Q: 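Quick one: structure below, then a few questions.
Chain identifiers are assigned alphabetically (A, B, ...) following the order of the sequence lines, protein sequences preceding nucleic acid strands; residue numbering begins at 1 within each chain. Keep in mind it's a predicted model, so treat the numbers as computed, not measured. Hydrogens, waters and symmetry mates are skipped; everything else that's a heavy atom, side chains included, is used.
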Amino acid sequence: MENSETTKPLNFIEEIVEQDLRNNKNGGRIHTRFPPEPNGCLHIGHAKAICLSFGIAKKYNGKCNLRFDDTNPVTEDVEYVDSIKEDIHWLGFDWEGREFYASDYFEKLYEWAIKLIRKGKAYVDETSAEEISVSRGKPTQPGKESPFRNRSVEENLELFTGMKDGKFPDGSKVLRAKIDMSSPNMHMRDPVLYRIKHALHHRTGNKWCIYPMYDWAHGQSDYIEGITHSLCTLEFEIHRPLYDWCLEQVADGDYKPRQIEFARLNLNYTVMSKRRLLQLVHEGYVEDWNDPRMPTISGLRRRGYTPESLRNFVDIVGIAKRENVIDIALLEHVVRDDLNKIAPRVMVVLNPVKVIIKNYPEGQTEWMKAENNPEDECAGTRELPFTRELYIESDDFIEDPPKKFFRLSPGNEVRLKNAYIIKCTGIVKDADTGVVKEIHCTCDPETKSGTGNARKVKATIHWVSAEQVLDAEVRLYDRLFTKPDPDDTEVGGDWKSNLNPDSLKVVNAKVEVSLSKAVPGEHYQFQRIGYFCVDQDSQPDRLVFNRTVTLRDEWAKISSKK
RNA sequence: UGUCCGAUGGUGUAAUGGUAGCACUGCAGAUUUUGGUUCUGCCUGUCCAGGUUCGAAUCCUGGUCGGACAGCCA
């Protein structure tokens with residue numbers, strides 16, 4: 001008996017899989033595939049599909065193939081193949097060498113097309129694209145049959161061979177399935193199976209000038225690879241009768257792959273369509289596909305998201321058929337959750353203001369012991385230099401503090417993390433601007449951290465020595481859009497008008513010296529501020545950090561409410 | 001006046017004819033040398049109308065609302 005308290009409920013696809021397993025369908029074999037088109041970078045929506053297909057395979061001792069759906073040479077490019085492979089591996093999945101391409105099957109697909117023609121189930125149509133479109137009718141109105149629909153098998157064979165042999169220009173002819181022009185399903189109204197494209201293909205070069213359409217290639221590729229469960233998003237649901245029809249024409253045994261559709265992932269405060277993502281890149285709203293503000297996998301990686309957090313996100317979000325928009329707060333939650341456990345803590349001051357400890361000797365340095373991660377004992381400790389002059393966060397001092405502000409203010413005490421309790425005794429302002437230049441304090445030598453002094457103060461703040469300190473560029477990233485739904489615009493407005501002008505702010509920060517060894521990709525928690533990772537642009541003498549996400553901030557809530 | 005799919009708190013997702021649960025968010029509190037973490041509590045939900053049944057989120061009928069489909073894209 002299963003323990004109902006620990007058994008995770010199955011999603012509807014797992015239920016289908018388990019039922020198939022119980023019925024010993026396909027001999028108990030589970031085989032899925034992830035079929036990206038190499039025409040763009042993968043995004044968080046793809047992560048859902050990857051985790052699903054690879055995850056099902058893993059869970060049920062099956063296999064998952066990586067198959068590039070490269071049937072349209074004019075939009076596809078090798079450069080995306082490598083980035084897609086990198087992203088899948090980074091996410092933690094492996095296709096165990098089963099890296100396939102729909103183009104691997106062009107020959108077989110062609111043979112099957114010939115077979116279709118011989119059966120009288122396909123014909124060469126030479127009406128124009130526009131004519132075909134018109135004669136296809138509308139969803140609510142039946143279409144009309146093409147005048148070429150009833151050509152002889154011989155003529156079709158000759159014409160199709162001619163198409164393959166490059167005798168006709170692009171767009172002059174297509175091969176169509178002969179199904180039903182009055183079907184209520186538009187996709188069954190004699191769908192195009194092959195079109196002519198005299199284009200160089202990234203794998204097959206100029207071997208072919210006719211290319212199969214998605215519907216003719218996808219199910220057949222699944223069949224060739226022995227896929228049992230072909231998981232795809234909802235928009236292909238209406239293709240399923242055609243998927244099944246195509247398979248019906250070529251399958252000769254009991255085995256047939258089954259297409260199952262699930263709802264794609266949507267996230268608020270961002271856009272997800274390849275078209276829009278591409279637009280953001282091309283029009284310079286972001287740096288590139290891997291800009292840390294992009295919902296692409298490479299962008300999230302650069303932002304500091306971990307594979308673990310993304311897998312967890314997909315898991316929490318679930319698999320179902322209803323349309324959904326996930327709150328980006330959930331994405332932020334999963335990465336905080338993971339980074340809290342693994343990210344070493346460091347002290348960094350983003351907006352420094354100088355503190356002078358008046359009763360602390362000039363020239364003296366004490367090395368203060370600091371825990372690297374309170375959530376992980378194994379993370380050990382490090383030593384921080386403490387000196388008479390320090391920097392603290394300018395937000396941590398207010399001359400005239402509001403209620404509930406527990407940090408530094410004239411006459412008030414705070415603890416410096418891992419060091420002493422200090423008291424503000426005075427301030428020095430810039431004569432012209434009135435900005436606080438120096439905060440004068442005294443420290444209580446009895447309160448050094450680790451000495452067991454029990455005196456409590458309301459707040460503990462972070463700091464760095466002003467004498468032993470490093471400068472660093474810190475890129476503060478925020479949500480890409482100001483509205484949950486970027487399409488929520490004034491009438492006639494453009495989604496780009498909702499772009500967040502403050503999605504990136506760059507500051508020059510003061511960071512503790514231990515960070516001198518930080519290397520790209522590392523995650524840190526800047527204490528009391530947020531999680532950051534070292535950017536690929538970082539150099540030993542010019543550190544660059546990206547803010548992954550802020551820490552939850554109770555004070556920010558209180559102060560913004562007032 | 002098409003076909004297909006869907007509808008459970010603010011968001012997402014369970015409950016498979018038998019106590020509507022979990023997570024995120026929000027709110028309140030406890031703990032805390034991070035206003036972090038952790039812990040506790042609270043708010044908020046079965047689209048509508050009929051029917052079947054001892055009993056319906058679940059099954060049936062009819063509505064309503066939302067989505068997909070009219071590329072020689074995938």
Q: If you go through the side-chain atoms of Arg415(A), does one of them form a donor-acceptor pair with the base of U33(B) closer than 3.5 Å?
A: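 Flag set: donor-acceptor pair detected.
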
Q: Scan Glu332(A) against the nucleic acid and name what it touches under 4.0 Å (heavy atoms): base, sugar-phosphate only, or nothing.
A: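 Touches nothing.
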
Q: Can you check G71(B) for me, syn or anti if syn means within 90° of 0?
A: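 Syn for G71(B); the angle stays within 90° of 0.
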
Q: Once you apply a heavy-atom cut-off of 4.0 Å, does Glu375(A) come out as touching a base, just sugar-phosphate, or nothing?
A: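 Glu375(A): base contact, heavy atoms under 4.0 Å.
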
Q: Counting any heavy atom closer than 4.0 Å, what does Tyr211(A) reach on the DNA or RNA strands: base, sugar-phosphate only, or nothing?
A: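 The answer is nothing, as Tyr211(A) stays clear of every strand by at least 4.0 Å.
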
Q: Grab the CD1-P distance between Ile13(A) and U13(B) for me, whole Å please.
A: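 Rounding to the nearest Å, CD1 of Ile13(A) and P of U13(B) are 13 Å apart.
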
Q: Please classify the nucleic acid contact of Leu330(A) as base, sugar-phosphate, or nothing, using heavy-atom distances under 4.0 Å.
A: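 Sugar-phosphate contact only - Leu330(A) comes under 4.0 Å of backbone atoms but never of a base.
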
Q: Expressed as a whole number of Å, how far does the C1' atom of U11(B) sit from that of U3(B)?
A: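 About 31 Å, rounded to a whole number of Å.
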
Q: Report yes if at least one side-chain N or O of Lys197(A) is closer than 4.0 Å to OP1 or OP2 of C73(B); otherwise report no.
A: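 It does, given that an N or O in the side chain of Lys197(A) lies less than 4.0 Å from OP1 or OP2 of C73(B).
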
Q: Counting the atoms with a prime plus P, OP1 and OP2 as sugar-phosphate, which does Arg136(A) contact under 4.0 Å by heavy atoms, base, sugar-phosphate, or nothing?
A: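 Result for Arg136(A) = sugar-phosphate.
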
Q: So, Ser449(A) and Asn418(A): side-chain donor and acceptor under 3.5 Å apart, yes or no?
A: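 There is no such pair (donor and acceptor under 3.5 Å, judged by atom type) between the side chains of Ser449(A) and Asn418(A).
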
Q: For A74(B), does the base pair up with any side-chain atom of His239(A) as donor and acceptor (N or O, under 3.5 Å, distance only)?
A: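 Answer yes: a donor N or O sits under 3.5 Å from an acceptor.
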
Q: Is the Phe160(A) to Tyr110(A) ring centre distance short of 6.0 Å?
A: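 Yes: the rings meet the under 6.0 Å criterion.
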
Q: Quickly work out the Lys458(A) NZ to U34(B) P distance and round it to whole Å.
A: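 It works out to 14 Å between those atoms.
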
Q: So, OP1 or OP2 of U34(B): does either fall under 4.0 Å of a side-chain N or O from Arg552(A)?
A: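 For U34(B), neither OP1 nor OP2 has a side-chain N or O of Arg552(A) closer than 4.0 Å.
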
Q: Sticking with atom C1', work out how far U8(B) lies from G29(B), rounded to a whole angstrom.
A: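 That atom pair is separated by 30 Å.
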
Q: Give Asn324(A) one of three labels, base, sugar-phosphate or nothing, depending on what nucleic acid heavy atoms sit under 4.0 Å from its own.
A: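 Counting heavy atoms under 4.0 Å across all strands, the contact made by Asn324(A) is with sugar-phosphate only.
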
Q: Are Tyr305(A) and Phe313(A) close enough that their ring centers fall under 6.0 Å?
A: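 Between Tyr305(A) and Phe313(A), the centre distance exceeds or equals 6.0 Å.
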
Q: So, Arg33(A) and Ser53(A): side-chain donor and acceptor under 3.5 Å apart, yes or no?
A: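 No, Ser53(A) and Arg33(A) have no side-chain donor paired with an acceptor closer than 3.5 Å.
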
Q: Strictly by Watson-Crick or wobble contacts shorter than 3.5 Å, is anything paired with C22(B), and which nucleotide is it?
A: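 Looking at the geometry, C22(B) pairs with G12(B).
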
Q: Between P on C69(B) and CD on Gln141(A), what's the gap in Å once rounded to a whole number?
A: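 Whole-Å distance recorded here is 18 Å.
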
Q: For nucleotides C42(B) and G35(B), find the distance between their P atoms and express it as a whole number of Å.
A: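 Per the computed distance, 28 Å lies between those P atoms.
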
Q: Reading RNA chain B from 5' onward, which residue's closest nucleotide shows up sooner: Ala263(A) or Phe526(A)?
A: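 The answer here is Ala263(A).
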
Q: Look at all strands and tell whether Thr127(A) reaches a base, only sugar-phosphate, or nothing, counting heavy atoms closer than 4.0 Å.
A: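 Base contact.
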
Q: Does any nucleotide pair with U38(B) by Watson-Crick or G-U wobble geometry, both distances under 3.5 Å, and what is it?
A: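 The answer is A30(B), by the H-bond criterion.
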
Q: Ser560(A) and Lys557(A): which non-hydrogen atoms are nearest, and at how many Å?
A: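 Shortest heavy-atom contact: OG-O, 3.2 Å.
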
Q: When we call it a touch if two heavy atoms are under 4.0 Å apart, what does Arg240(A) touch: a base, just sugar-phosphate, or nothing?
A: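 Result for Arg240(A) = nothing.
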
Q: It should be established whether Thr71(A) places a side-chain nitrogen or oxygen under 4.0 Å from OP1 or OP2 of nucleotide A74(B).
A: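 So the side chain of Thr71(A) is within the cut-off, an N or O lying under 4.0 Å from OP1 or OP2 of A74(B).
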
Q: To the nearest Å, how far apart are Lys8(A) NZ and A15(B) P?
A: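 Atom NZ in Lys8(A) sits about 12 Å away from atom P in A15(B).
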
Q: At under 4.0 Å between heavy atoms, what does Pro139(A) touch on the DNA or RNA strands: base, sugar-phosphate, or nothing?
A: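 Pro139(A): base contact, heavy atoms under 4.0 Å.
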
Q: C1' atom, A20(B) versus A14(B): distance in rounded Å?
A: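 Approximately 10 Å lies between the C1' atom of A20(B) and that of A14(B).
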
Q: How would you label the contact of Val317(A) with the nucleic acid (heavy atoms, under 4.0 Å): base, sugar-phosphate, or nothing?
A: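 Answer is sugar-phosphate: Val317(A) comes under 4.0 Å of backbone atoms only.
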
Q: Between Ile84(A) and Pro36(A), which heavy-atom pair has the shortest distance, and what is it?
A: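 Taking Ile84(A) first and Pro36(A) second, the nearest heavy atoms are CG2-CG, 3.8 Å.
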
Q: Classify the side chain of Ser449(A) versus the base of U33(B) as yes if they form a donor-acceptor pair under 3.5 Å and no if they do not.
A: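 It does, because a donor-acceptor pair links the side chain of Ser449(A) to the base of U33(B) below 3.5 Å.
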
Q: Mind checking if Tyr420(A) touches a base, just sugar-phosphate, or nothing, with heavy atoms under 4.0 Å?
A: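 Touches nothing.
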
Q: Could you check whether any side-chain N or O of Arg176(A) sits under 3.5 Å from a backbone N or O of Tyr123(A), counting only pairs where one atom can act as donor and the other as acceptor?
A: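 No; zero donor-acceptor contacts below 3.5 Å.
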
Q: Quantified in whole Å, what is the P atom distance between nucleotide A7(B) and nucleotide A70(B)?
A: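 Pairwise P distance, A7(B) against A70(B), rounds to 24 Å.
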
Q: Go through the steps for His46(A) and Phe34(A) under the test side chain to side chain contact (heavy atoms under 4.5 Å, CB included), then give the verdict.
A: CA-CA 9 Å; His46(A) 294 107; Phe34(A) 174 63; 4.2 Å; yes

Q: In whole angstrom, give me the gap between the P atoms of C5(B) and U61(B).
A: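 These two P atoms come out 13 Å apart once rounded.
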
Q: Suppose you measure atom C1' in G6(B) against the same atom in U13(B); what distance do you get, rounded to whole Å?
A: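 The answer is 15 Å between these two C1' atoms.
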
Q: Reckon Arg195(A) has a side-chain N or O less than 4.0 Å from the OP1 or OP2 of C73(B)?
A: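 For C73(B), OP1/OP2 do have a side-chain N/O of Arg195(A) under 4.0 Å.
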
Q: When all nucleic acid strands are considered with a 4.0 Å heavy-atom cut-off, which category describes Ala320(A): base, sugar-phosphate, or nothing?
A: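 Sugar-phosphate only.
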
Q: Could you check whether atom NZ of Lys59(A) has more than 12 heavy atoms from other residues, nucleotides or ligands sitting under 6.0 Å from it?
A: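 Correct, the count exceeds 12.
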
Q: Select base, sugar-phosphate, or nothing to describe what Ile319(A) touches, counting heavy atoms under 4.0 Å on all strands.
A: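 Ile319(A): backbone/sugar contact only, no base atoms under 4.0 Å.
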
Q: For Val325(A), answer base if it contacts any base atom (sugar-phosphate contacts may also be present), sugar-phosphate if it contacts only those atoms, and nothing otherwise; contact means non-hydrogen atoms under 4.0 Å.
A: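 Result for Val325(A) = sugar-phosphate.
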
Q: If you measure from the ring centre of Tyr214(A) to the centre of the six-membered ring in the base of A74(B), is it under 5.5 Å, with the planes under 30° apart?
A: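 A stacking contact does not exist, since Tyr214(A) is not both close and nearly parallel to the base ring of A74(B).
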
Q: Distance check needed: G35(B) P versus His462(A) NE2, whole Å only.
A: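 In whole Å, G35(B) P and His462(A) NE2 are 10 Å from each other.
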
Q: Looking only at side-chain N and O atoms, does Arg322(A) come under 4.0 Å of OP1 or OP2 in U13(B)?
A: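 For U13(B), OP1 or OP2 has a side-chain N or O of Arg322(A) closer than 4.0 Å.
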
Q: Is His333(A) close enough to C24(B) that one of its side-chain N or O atoms is under 4.0 Å from OP1 or OP2 there?
A: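 It does, given that an N or O in the side chain of His333(A) lies less than 4.0 Å from OP1 or OP2 of C24(B).
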
Q: Would you say a side-chain N or O of Lys448(A) is under 4.0 Å from OP1 or OP2 of U33(B)?
A: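 Answer is no, no contact under 4.0 Å.
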
Q: May I ask you to evaluate whether Thr460(A) reaches the phosphate of U32(B), defined as a side-chain N or O under 4.0 Å from OP1 or OP2?
A: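 For Thr460(A), the contact criterion (side-chain N or O under 4.0 Å from OP1 or OP2 of U32(B)) is not met.
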
Q: With a 4.0 Å cutoff (strictly under), does any side-chain N or O of Lys321(A) reach OP1 or OP2 of G67(B)?
A: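 No.
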
Q: If you check every side-chain atom of Trp555(A), which of U37(B), G35(B), U34(B) has the closest atom?
A: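 For the Trp555(A) side chain, the nearest candidate turns out to be G35(B).
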
Q: Do any side-chain nitrogens or oxygens of Lys341(A) fall under 4.0 Å of OP1 or OP2 in U37(B)?
A: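 Answer is no, no contact under 4.0 Å.
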
Q: Which value, in whole Å, describes the distance between the P atoms of nucleotides G21(B) and U46(B)?
A: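 Approximately 13 Å lies between the P atom of G21(B) and that of U46(B).
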
Q: Between P on C73(B) and CG on Leu278(A), what's the gap in Å once rounded to a whole number?
A: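 The distance from CG of Leu278(A) to P of C73(B) comes to 18 Å, rounded to the nearest Å.
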
Q: Is a donor-acceptor contact shorter than 3.5 angstrom present between the side chain of Arg407(A) and the base of G35(B)?
A: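 Check passes, donor-acceptor contact within cut-off.
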
Q: Which nucleotide wins on minimum distance to the side chain of Ile132(A), given the candidates G36(B), C5(B), C72(B)?
A: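 Of the options given, the side chain of Ile132(A) lies nearest C72(B).
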
Q: Expressed in angstrom and rounded to an integer, what is the separation of Asp215(A) atom CG from C73(B) atom C1'?
A: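 So the CG-C1' distance, Asp215(A) to C73(B), works out to 11 Å.
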
Q: Any side-chain donor paired with an acceptor under 3.5 Å for Asp69(A) and His218(A)?
A: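 Side-chain D/A pair, Asp69(A) to His218(A): present.
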
Q: If you find the nucleotide of RNA chain B closest to Pro36(A) and the one closest to Ile316(A), which residue's nucleotide is nearer the 5' end?
A: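 In this pair, the answer is Ile316(A).
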
Q: Please report, rounded to the nearest Å, how far the P atom of G12(B) is from the CG atom of Leu267(A).
A: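 My rounded result for the distance is 12 Å.
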
